[in-house]
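Right, one structure below, let's go through it.
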Amino acid sequence: MVAVTLWSSLTRFTDGAREVEVQADTVGGVLDGLVADYPGLKPILDSGVSVVVDGEVAPNRHAPVPEGAEVYLMQRLKGG
Amino acid sequence: MRYHTPSSFEDAARLAAQAQGLTRFLAGGTDVLVQMRAGMVQPDDLIDLKKIPGVGDITRTDEGGWRIGVAVPGAALSAHDALRAEWPGVVEGMDLVGSVQIQGRATLTGNLCNGSPAADSVPGLVAAGATVEITGPEGTRTAPVAEIPAGPGKTSLQAGEVISAILLPPRGAHGGDAYLRFIPRTEMDIAVVGCAVNLRLSGDTVAEAQVALGAVAPVIRLVPEAAEAIIGTTLDEAALQALDAAARAACSPIDDKRGTVAFRTEVAGVLARRAALIAYGRAKGDTA
Amino acid sequence: MSKIHVTTTVNGDPVEFLADPRETLLDCLRDHLGLTGSKEGCGTGDCGACSVTLDDRLVCSCLVLGVEAEGRRVDTIEGMADADGLHPLQRKFIEHAALQCGFCTPGLLVAAKALLVQNPDPTEEEVRYGLAGNLCRCTGYDKIVRAVMDAAAEMRQEAA
Amino acid sequence: MAKDEFKEFRLVGTRPDRPDGLDKVTGRARYGADISAPGMLWGAVVRSPHAHARIVSIDTSRAEALEGVKAVVTRADFPTGLTGEDWDLQENTMAGERALYDGHAVAAVAATSKLRAEEAARLIDVTYEVLPHVIDVDDAIKPDAPVIREGAADATVPEGMPPNVVRYMEFGHGNVEAGFAEADLVREGHYKTEATHQGYIEPHACLGQLGGDGKGEMWVCTQGQWFIRKMCAGVLGLDAAQLRVTPSEIGGGFGGKTTIFMEPLSLALSRKAGGKPVKIVMTRSEVLRATGPTASASMDVRIGMKKDGTLTAARAEFRMQGGAFPGSPVDMALYCAFAPYKLDHVAHVGYDVLANRPKCAAYRAPGSPMGAFAVESLIDEMCRELGLDPMEVRLKNAVREGDRASYGPKFASIGLVETLEATRAHPNLAEPLGPNQGRGVASGYWFNHNGETSVSLAISEDGTAQVSIGTPDIGGSRASIALMTAETLGIPYEDVRVNVVETGALGVNEPTHGSRATFASGKAAVLAAGQAITEMCRRAAAEWGIEPEAVEWVDGAAQPAGPNAGKFPPMSIAEIAGKMGETGGPISGHHESVPEGVGASFGCHVVDVEVDPETGRVTILRYLVVQDAGRAIHPAYVEGQYQGGAAQGIGWALNEAYIYDDKGRLQNPVFLDYRVPVASDLPMIDTVIVEVPNPGHPYGVRGVGETGITPPLPAIANAIQDATGARLRALPMNPPAVLAALKAARGA
């Protein structure tokens with residue numbers, strides 16, 4: 001299991017939980033797991049988010065998420 | 001659009017008088033081309049004055065003043081040492097209009113005829129008591145520069161009339177003038193406030209003075225109350241404060257993208273004081 | 001609207017073109033003569049990207065009508081380097097990294113050349129005010145000012 | 001590569017001439033408007049003069065009757081049924097039922113000359129029914145505000161919010177109330193910033209061609225040719241692969257050229273004109289009215305501080321409007337706001353709000369400058385109140401590697417402490433100040449970005465190398481990528497040519513944005529070069545008849561290693577390349593990925609100002625930028641990014657702003673009144689490049705392009721207070737605003 005920290009306005013879709021646990025070992029698995037457990041998150045995740053694993057923005061869905069990793073969901077990052 | 005290059009002011013006036021649609025004269029072009037480009041003005045006839053003999057000349061008048069051709073660009077005005085030595089305030093007013101590139105084209109006459117209350121070169125001319133020579137269907141007349149502006153974008157020139165020269169009076173002894181303007185940047189802006197002071201000293205005392213303000217009313221104009229505040233003084237602190245107050249009292253500005261009423265009014269007083277000090281110094285012989 | 005035949009000299013070469021009298025010199029240089037080195041950044045004389053000299057006087061070519069070039073001499077960025085190589089200003093701009101996107105560069109070079117003709121030994125302040133009509137959004141002007149002053153120093157040395 | 005493994009490099013860190021320098025100083029470089037095509041038409045766009053209006057009718061008959069007019073398009077010529085960002089882009093590039101801002105395109109025309117197209121545009125008669133409008137972000141969330149678009153809110157917006165709130169966010173950690181209770185001083189402030197424009201000197205320009213077969217071509221000035229392709233294809237319902245987009249040289253972008261404006265119009269006009277190419281070049285006024293400026297912001301910040309300067313808690317609530325569409329960078333603003341500070345208790349709330357303004361685009365560190373203006377201003381005020389040195393407070397609370405960032409995750413390698421220490425040691429801080437002069441300090445942060453990246457490298461027959469990249473070169477990235485490639489291959493810098501290529505030549509690339517070109521394309525080029533090296537070693541091994549693993553690449557040549565060392569003379573890249581046709585064919589290398597290991601960049605600026613007490617004019621006397629570059633590949637262009645960012649921030653702080661009248665019309669759509677700094681407004685901009693190498697990049701690169709625009713806004717506000725005692729909490733701090741603040745501070 002990995003613990004995923006959401007931005008807290010998403011807690012409306014997670015029964016109030018700021019941090020949720022999903023069974024996954026990749027970034028894609030985390031995202032799919034979140035949608036499976038909390039379908040209300042789907043439109044937000046589909047519109048694009050950045051997944052930060054142990055302080056690094058994950059480059060793709062297949063990036064590994066080690067057991068016990070710290071996973072943060074952030075609004076999609078880009079720049080000027 | 002028809003493009004004309006008359007070879008005399010009489011021809012230019014005739015072309016303008018006969019034109020059916022919208023007519024514009026082209027001196028430097030720095031305002032007309034911008035307005036055309038923005039679609040604000042689509043002239044049917046454009047009358048280029050630059051092919052008329054003498055429009056690029058600066059000459060001494062019989063009275064000892066100056067005759068400045070309508071197509072003399074700012075750069076040529078600034079490069080004229082004798083004119084600059086006598087009327088530094090007039091020259092620096094023109095020199096503040098735009099960049100070096102603009103100075104290569106923009107003219108005193110164009111700046112005046114554009115009718116902007118913020119025109120940098122006009123307060124200096126007004127304070128100097130300059131006049132313009134006007135050629136029209138009825139012949140030639142002269143009028144004070146101060147009578148030309150008639151509100152934002154407007155002049156008092158009649159249809160078919162064209163300014164054929166700007167005339168500066170003789171400088172005379174113990175005189176000095178100065179122009180200051182306030183802009184947010186250091187260059188390239190339109191004046192938020194402008195102030196010209198022209199004065200003559202008798203010893204250390206201001207004997208004559210003219211103060212003109214720009215960008216604080218629909219037209220650039222003389223402020224006799226401001227002049228009176230310093231006439232008969234040695235421009236001591238009390239006189240400067242009186243000048244500041246009189247300049248502020250003469251303001252009836254607007255709030256717009258370039259400044260607020262409060263700011264324009266306050267800074268008009270500040271510039272009047274600062275310009276008066278420079279003009280005073282020049283009348284005393286400062287060359288800066 | 002009928003066009004006007006214009007005969008003029010650009011970078012030393014005689015050229016002719018047909019201009020609608022509403023077209024600017026910049027339009028004519030770019031669209032009729034294929035000289036696209038002069039740029040349009042504003043069309044109102046505020047950015048200097050279209051700087052050229054007209055009978056040796058620095059102007060914004062967006063504020064000159066094409067028909068006004070009749071019988072005059074126009075010099076543009078395309079004429080700045082000669083067969084022997086780059087003008088010192090051009091070399092110094094590259095050397096000092098005085099350009100990033102490069103769009104303002106032609107106008108700045110033409111303006112800087114005109115500045116150094118007028119004033120071969122300008123102070124930093126004189127360079128800054130002399131080039132105030134040329135906007136650059138990339139560099140903050142620091143390296144441009146250094147390049148112009150370095151080129152001026154080199155040109156003075158060569159002249160000496 | 002760990003920090004201590006860095007050695008002196010042969011090329012990285014040197015300052016050679018940029019490869020495109022000659023083209024750019026001679027006028028030969030071809031920008032967006034510089035290309036023409038046979039049979040080309042010119043396009044012109046009709047734009048709404050109203051901030052908000054229903055489009056009752058569009059009569060194109062007078063325009064169509066004009067000789068030389070070949071096509072007129074309106075929204076009716078675009079496909080229907082789009083959703084999401086595709087619909088937003090379509091609606092923004094061509095208004096549908098309503099014009100949503102002053103400048104919104106409502107029709108476009110193509111004709112045989114520029115003047116004719118402009119004339120035809122004036123002959124298109126649009127009937128509008130003017131609707132109530134709203135410009136200010138705080139007004140837009142008032143109960144009586146005109147509703148820009150019903151149902152535009154996404155799932156994050158709770159029930160009951162004002163209808164112009166389209167995105168909502170909350171995040172943070174700890175317990176801020178408990179944190180404030182620990183503080184000796186708790187202060188809060190309200191701050192506002194006005195929208196500004198990127199102000200690139202090159203107006204948008206494109207030459208588009210689209211045939212009835214759905215195949216098209218485009219030449220365009222853009223930060224990202226694949227974005228143009230994807231967006232145009234989406235808006236027009238085309239197959240992306242049928243559209244080939246070639247980027248011109250680009251005359252500045254700063255984020256503003258990462259999206260589409262008139263590009264789909266040129267394609268739609270071309271298709272309607274029988275496939276003739278159509279060139280559209282925006283005027284400056286169109287650029288300012290109708291492209292993508294940044295957001296305006298209204299911000300409340302509350303901070304708790306102990307007497308020794310330790311921060312105990314912080315809370316920010318930001319409201320930003322990004323025009324008539326969702327997408328203001330309020331999220332990024334919140335993420336960056338407290339990023340330089342270690343905070344156990346922090347809370348953020350953000351609202352993305354619609355208003356009748358153009359759809360905002362990215363602008364250099366989107367959002368970060370606004371957030372920094374609020375937070376860095378308030379921290380400075382609190383330092384003053386407690387008599388603390390603002391540099392020491394920043395150091396005391398500085399985040400380090402492994403610390404939890406204010407926005408959640410833990411920081412990887414960062415160089416904030418090193419940056420602050422270099423700032424503190426700089427001689428500018430010891431310069432004496434005179435009357436009416438003051439000094440201000442502020443920090444800034446940007447994440448930097450990786451993004452989809454595809455690079456291809458090919459070895460030429462003579463042993464030189466060409467690198468094809470997909471990120472347009474805005475500020476010298478060809479030079480930095482050539483340096484890294486040449487360093488890796490062991491060949492001279494001059495032997496590498498870097499080409500920015502069209503969409504048909506590489507896999508998808510994100511634009512040059514997020515400070516990513518030197519990081520991402522650079523990393524990909526290095527990895528592609530590594531692939532080519534592996535192949536060259538293999539070819540040498542085959543010639544020598546030894547195992548490829550027994551060959552190493554040293555100084556631009558393959559040489560036998562291990563037990564074979566010295567058995568054969570090194571085989572140079574030129575020798576290998578010269579025989580490649582006989583040894584297996586072309587030698588190349590590729591890299592496609594979203595590169596890992598982005599390195600964030602902190603900066604700290606110090607500004608000295610002088611304030612004219614009678615006019616409120618602020619003069620910048622001295623300016624210092626200190627920023628962590630990771631490693632400066634070409635230091636001159638790193639300095640250039642620092643200086644350029646600072647200059648833009650100075651403009652934003654002092655004079656740049658979108659000014660609207662009471663009808664919602666933009667009052668300053670020209671450079672005369674949209675006042676970007678001119679040369680005489682600025683001093684030399686001193687720079688210090690701090691190098692805390694990014695372990696995620698083969699040469700240690702962090703992006704450097706964006707952070708520099710962030711600190712100037714608060715640094716100048718802080719300096720003005722230092723000089724005068726007056727605190728300005730709204731931008732721009734132009735002379736009227738400063739003079740009013742001075743008078744208020746004097747009690748006049």
Side-chain angles (χ1 to χ4, degrees), chain C residues 1 20 22-23 27 30-31 34-47 49 76-78 80-81 86-87 89-91 93-107 109 124-125 127-146, chain D residues 15 17-18 20-31 33-36 113-115 198-203 249-254 281 283-285 474-476 623 634 636-637 639-648 650 670-672 676-685 687:
Chain C
M1 291 186 194
D20 182 298
R22 294 169 294 177
E23 287 178 307
D27 293 332
R30 291 179 54 84
D31 299 335
L35 294 172
T36 54
S38 306
K39 307 299 181 192
E40 178 164 320
C42 68
T44 52
D46 296 308
C47 80
T76 72
I77 184 64
E78 285 91 347
M80 196 158 168
L86 296 179
H87 187 279
L89 279 162
Q90 292 173 306
R91 272 193 289 105
F93 263 56
I94 297 176
E95 191 181 310
H96 285 265
L99 56 144
Q100 285 179 31
C101 81
F103 191 78
C104 70
T105 307
L109 285 166
E124 181 194 331
E125 188 180 19
V127 172
R128 289 186 179 277
Y129 276 88
L131 298 178
N134 292 81
L135 297 181
C136 168
R137 190 61 159 170
C138 293
T139 65
Y141 304 104
D142 182 302
K143 294 182 189 300
I144 292 172
V145 174
R146 289 179 201 276
Chain D
R15 301 173 179 238
D17 290 353
R18 63 191 282 170
D20 50 337
L22 185 60
D23 283 351
K24 286 179 175 168
V25 299
T26 53
R28 278 204 303 267
R30 288 176 302 177
Y31 293 83
D34 295 344
I35 285 285
S36 297
S113 77
K114 186 156 55 174
L115 287 168
Q198 298 83 355
Y200 33 80
I201 310 298
E202 182 198 27
E249 289 302 321
I250 174 171
F254 315 111
V281 181
T283 64
R284 177 55 49 185
S285 149
I474 311 189
Y623 204 97
H634 192 307
Y637 289 100
E639 291 161 3
Q641 289 296 320
Y642 291 3
Q643 292 165 335
Q648 289 185 330
I650 290 167
V670 284
F671 274 143
L672 182 64
V676 308
V678 302
S680 48
D681 291 340
L682 299 174
M684 290 299 186
I685 297 172
T687 56

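Each chain gets a letter, A, B and so on, in the order its sequence line appears, and its residues count up from 1.
A pairwise comparison of heavy atoms in D:Ala636 and C:Ala97 identifies CB-CB, 3.7 Å as the closest pair. Taking every heavy atom of both residues into account, D:Ile250 and C:Cys101 meet most closely at O-CB, 3.2 Å. Nearest approach of D:Phe671 to C:Gly41, heavy atoms of both residues: CE1-O, 4.0 Å. Between D:Tyr31 and C:Phe103, the shortest heavy-atom distance links the atoms OH-N, 3.4 Å. Minimum interatomic distance between C:Thr139 and D:Gln643 (heavy atoms only, all atoms of both residues): O-CB, 3.4 Å.
To the nearest 0.5 Å, atoms CD (C:Glu95) and CZ (D:Arg15) are separated by 11.5 Å. For the atom pair CG (C:Asp31) and OG (D:Ser36), the distance works out to 6.5 Å, reported to the nearest 0.5 Å.
Considering only heavy-atom pairs separated by less than 4.5 Å from chain D, the leading option among C:Gly45, C:Ala132, C:Gly133, C:Pro106 is C:Ala132. Here D:Glu639 is the residue among D:Arg30, D:His634, D:Glu639 with the most heavy-atom pairs under 4.5 Å with chain C. Between chain D and the options C:His96, C:Arg146, C:Gln100, C:Met80, the largest number of non-hydrogen pairs under 4.5 Å is found for C:Gln100. Per-residue heavy-atom pair counts under 4.5 Å with chain D were compared for C:Cys136, C:Ala98, C:Cys42, C:Gly130, and the maximum is reached by C:Cys42. Ranked by heavy-atom pairs under 4.5 Å with chain C, the first of D:Gly253, D:Ser285, D:Gly640, D:Ala646 is D:Gly640. In terms of heavy-atom pairs under 4.5 Å with chain D, the best-connected choice from C:Leu109, C:Thr76, C:Leu135, C:Leu131 is C:Leu135. The residue among C:Glu125, C:Glu23, C:His87, C:Lys39 with the most heavy atom pairs within less than 4.5 Å of chain D is C:Lys39.
For D:Leu115, the part sitting under 4.5 Å from any heavy atom of chain C is the side chain, from C-beta outward, and nothing else. Only the side chain of D:Phe254 has a heavy atom closer than 4.5 Å to any heavy atom of chain C. For D:Thr26, the parts lying under 4.5 angstrom from a heavy atom of chain C are both the backbone and the side chain. Both the backbone and the side chain of D:Gln641 come within contact range of chain C, each with at least one heavy atom under 4.5 Å from a heavy atom of that chain. Within the 4.5 angstrom heavy-atom criterion, no atom of D:Ile35 approaches chain C. For D:Ala33, the parts lying under 4.5 angstrom from a heavy atom of chain C are both the backbone and the side chain.
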Could you go through D:Gln198 and C:Arg137, starting from their C-alpha distance and side-chain angles, then the distance that decides it, and tell me whether this counts as side-chain contact (heavy atoms from CB on, under 4.5 Å)? CA-CA 8 Å; D:Gln198 298 83 355; C:Arg137 190 61 159 170; 5.9 Å; no
Let me see the working for C:Arg30 and D:Asp34 under side-chain contact (heavy atoms from CB on, under 4.5 Å), right down to the final yes or no. CA-CA 8 Å; C:Arg30 291 179 54 84; D:Asp34 295 344; 2.7 Å; yes
Before giving the answer on side-chain contact (heavy atoms from CB on, under 4.5 Å), spell out for D:Lys114 and C:Asp27 the whole-Å C-alpha distance, their side-chain angles and the decisive distance to 0.1 Å. CA-CA 10 Å; D:Lys114 186 156 55 174; C:Asp27 293 332; 3.3 Å; yes
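Annotation: side-chain hydrogen bond (donor to acceptor under 3.5 Å, both in side chains) contacts of D:Glu249 (sequence neighbours excluded): D:Lys24, D:Arg478. Remark: C:Ile94 pairs with C:Leu86, D:Asp17, D:Val25 by the side chain to side chain contact (heavy atoms under 4.5 Å, CB included) rule, at least two apart or across chains.
Between D:Asp681 and C:Arg128 no salt bridge is recorded (no basic side-chain N to carboxylate O distance below 4.0 Å).
Side chain of C:Tyr141 to main chain of D:Ala647: no donor-acceptor pair is present (N/O by atom type, distance under 3.5 Å, no hydrogens or angles). In this structure a side-chain-to-backbone donor-acceptor pair under 3.5 Å is present from D:Arg18 to C:Leu99.
For the pair C:Thr44/D:Leu672, no side-chain contact is recorded, criterion being any heavy-atom separation below 4.5 Å from C-beta on.
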